[in-house]
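Hydrogens, waters and symmetry mates play no part in the numbers below; they use all other heavy atoms, side chains included.
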Amino acid sequence: METHPETIPFSLSAATAETTTIAEFGVVVSQWVDRLLPHDGYMLRGVDPLTGAACFLTKEHGYGAAFYRALETEEILGRERHTVTGMMRGSRPVSVLASRTAASSRGVSPEHDDIMRATDVGSEMRIALTLGGRAWGVLVLLRGRGVRPFSTAESLRAAQLSGILAAAVRRHVASRFLRPVRNAPAPGVVLVDRRDTVSAATATGREWVSRLAPNNATADDDELFAHVWNIALAARHPGKQALSRVPGPDGWLVLQAQPLDGTHSGDIAVTIQPATSDVLLPAAAVLYGITARERTVIEHALDGAAVKQIARSLNISLHTVNDHLRSVYRKTGVNSREELIASLSW
């Protein structure tokens, strides 16, 4: 039975409702998209909606770490028109690339062609997942060498899915992960040298990194440290915010990077730890559609202010403060002020 784009929001929502992990979510998304855009492999990469840095990755029968490390690098440097940022600037949020052995290379670099050859990929489609002018991720679909390449008609069809898939990512993350990681190890540190090589890591740093890979039992160091390298690269470029909030199975964690000085000038220290309320709240505001005034009320509540104190500070009535709090409870799915504060506090 043929699936039409206009039916996807409802069917995709129903299908993903029971998924509990990013890996499960990726499988369901791939299965549903396959009805419109048949593919042999995929990579679903989510990004921090405020900084654009990678925050999760799940894939099946797709490229290895070299690909998504290169993709993140080009995103940060702004040199690649096939990145999320590049596609958002263009007329359509979709790019189709074919191996140089095909009739048309479609802008594939020699480096990327090497990656395609090594994994026997003949055609690749990238869909920027954007909603309301904000990026939520990218879905990369792959077809094997010798299989019919993605067509122009399929590219047009994929463009209709951009906002639908972005909404699905936002909904999945928002429905599962409003809390910092509980019972977590101490903050971890990973050092990346000027050659972009991981030169050292604390024991807790490696433990935190293992949480970033959905299938870390089979991942090598390239897979495990992919996010760390890319955050480190962002720290080397002025104007880039080297921070990523990462939704995990038991809460949110945060990666932050900053350059070292002195004898270690050129090296980058990446810190990984549970997300604190000041880091988590801005993302929660985007995820749940929390207004500026509602966010201000939450900030006062996190500081321990009573309703009367909040009303006095903001020059609004007690009734209005309580209305704002009830609106936040409804949007985030919590039942009380205490539960809201506990959800955002570490």
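- Judged by distance alone, the side chain of S30 and the main-chain N or O of G26 form no donor-acceptor pair under 3.5 Å.
- The closest side-chain heavy-atom distance from H172 to T21 is not below 4.5 Å.
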Evaluate V190 against I268 for side-chain contact (heavy atoms from CB on, under 4.5 Å), listing each step before the verdict. CA-CA 8 Å; V190 177; I268 303 292; over 6 Å; no

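- When only modelled atom types and interatomic distance are considered, T20 and E24 share a side-chain donor-acceptor pair under 3.5 Å.
- Hydrophobic clustering, with ILVMFWY side chains joined whenever heavy atoms are under 4.5 angstrom apart, keeps L161 apart from L156.
- The shortest distance between side-chain heavy atoms of V270 and Q256 does not fall below 4.5 Å.
- The two residues A53 and L243 have their closest heavy-atom pair at CB-O, 3.6 Å.
- Cation-pi geometry between R134 and W136 is not met: the NZ or CZ atom fails to fall both under 6.0 Å from the ring centre and inside 45° of the normal.
- Look at R337 and E339 and you find no salt bridge, because none of the NZ, NE, NH1 or NH2 atoms lies under 4.0 Å from a carboxylate O.
- Checked for salt-bridge contact, R145 and D120 meet the test: a charged N lies under 4.0 Å from a carboxylate O.
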May I have the step-by-step check of side chain to side chain donor-acceptor pair (under 3.5 Å) for T320 and S317, ending in yes or no? CA-CA 5 Å; T320 300; S317 69; 2.9 Å; yes

Show the numbers, then the answer: is there a side-chain contact (heavy atoms from CB on, under 4.5 Å) between M125 and V94? CA-CA 7 Å; M125 174 183 284; V94 178; 3.9 Å; yes

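- At a threshold of 4.5 Å between non-hydrogen side-chain atoms, the residues L344 and L340 count as touching.
- Salt bridge absent: R326 and E294 never bring a charged side-chain N and a carboxylate O closer than 4.0 Å.
- Classification of D267 and R195 as a salt-bridged pair fails, no side-chain N sitting under 4.0 Å from a carboxylate O.
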